[in-house]
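I have placed the structure first, in the form of structure tokens, so that the comments after it can refer back to it.
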Amino acid sequence: QVQLVESGGGLVQGGGSLRLSCATSGRTFRDYVMGWFRQAPGKEREFVAASTWSGGSIGYADSVRGRFTISRDNAKNTVYLQMNSLKPEDTAVYYCAAKYGSTRYASANQYAYWGQGTQVTVSS
């Protein structure tokens, strides 16, 4: 059974940092792109960042570029999202997802596997 389990969310003051983790199990994601998405109340799910298991990061949303960093630990089958200089507008539920192949990595509907999400709240 394929599982993606996010952790690391919480409440943080503006300007602070959090690191989200996404632990994967149930299959090998070597040829998959791992993505982070987020969804704020009343808004559509939006792309945040994506990475291949072997090639590193392949894309960031303009709104997070320079503040967020996606990385992975192949030995632990875990993907991370380091979030620095957090802003209140970063408040959302953050989801980890996996898709086969690197095309259209910013499109949520291309991802076959999803985690349950972790809440990130940034206070002003």
Side-chain angles (χ1 to χ4, degrees):
Q1 180 181 0
V2 175
Q3 283 193 311
L4 281 66
V5 180
E6 302 97 334
S7 60
L11 173 64
V12 63
Q13 278 193 327
S17 298
L18 283 174
R19 189 177 79 157
L20 306 183
S21 300
C22 173
T24 69
S25 62
R27 70 162 300 133
T28 300
F29 287 100
R30 185 173 59 186
D31 295 323
Y32 279 64
V33 163
M34 302 302 298
W36 285 98
F37 290 79
R38 66 186 182 186
Q39 188 166 19
K43 295 188 176 182
E44 292 187 355
R45 192 167 297 189
E46 65 174 0
F47 169 75
V48 175
S51 172
T52 64
W53 279 107
S54 59
S57 63
I58 56 175
Y60 291 94
D62 289 342
S63 58
V64 307
R65 187 175 292 111
R67 300 187 297 123
F68 291 11
T69 303
I70 187 171
S71 63
R72 76 271 183 235
D73 184 330
N74 293 341
K76 296 182 177 180
N77 295 320
T78 300
V79 180
Y80 304 98
L81 185 68
Q82 178 67 44
M83 306 186 296
N84 298 329
S85 303
L86 282 162
K87 306 174 182 179
E89 51 264 44
D90 294 319
T91 295
V93 177
Y94 282 71
Y95 298 90
C96 174
K99 71 175 293 293
Y100 185 80
S102 61
T103 58
R104 301 183 65 187
Y105 58 83
S107 298
N109 60 14
Q110 296 296 304
Y111 287 75
Y113 302 105
W114 290 86
Q116 82 289 349
T118 185
Q119 176 71 47
V120 171
T121 303
V122 184
S123 63
S124 55

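At least one side-chain heavy atom of Ser63 sits less than 4.5 Å from a side-chain heavy atom of Arg38. Side-chain contact between Cys96 and Trp114 is absent, with no heavy atoms from C-beta onward closer than 4.5 Å. Inter-residue side-chain proximity for Asp90 and Met83 is flagged as unmet; no heavy-atom pair is nearer than 4.5 Å. At a threshold of 4.5 Å between non-hydrogen side-chain atoms, the residues Thr103 and Gln110 do not count as touching. Taking the side chain as every heavy atom from C-beta outward, Gln119 and Thr91 approach each other to under 4.5 Å. Phe29 has its side chain out of reach of Arg72: every pair of non-hydrogen atoms, C-beta onward, lies at least 4.5 Å apart.
Here Tyr94 contributes atom OH and Leu81 contributes atom CG; the two are 7.5 Å apart, rounded to the nearest 0.5 Å. In this structure, the separation between CG on Asn74 and CZ on Arg30 is 10.5 Å, given to the nearest 0.5 Å. Leu20 contributes atom CG, which lies 12.5 Å from atom OG1 of Thr78 (distance to the nearest 0.5 angstrom).
Proximity of a side-chain donor or acceptor of Gln116 to a complementary backbone N or O of Glu6 within less than 3.5 Å is detected.
Under the 6.0 Å distance and 45° angle rule, Arg65 does not count as a cation-pi partner of Tyr60.
Aromatic ring orientation, Phe37 versus Phe47: perpendicular (interplanar angle above 60°, classes split at 30° and 60°).
Ring centroid separation for the pair Tyr111 and Tyr95 does not come in under the 6.0 Å cut-off.
Met34 and Val5 fall into different hydrophobic clusters, where Ile, Leu, Val, Met, Phe, Trp and Tyr are joined by side-chain heavy atoms under 4.5 Å apart, directly or via other members. Hydrophobic clustering keeps Val64 apart from Tyr80 (ILVMFWY residues linked when any side-chain heavy atoms are closer than 4.5 Å, directly or through intermediates).
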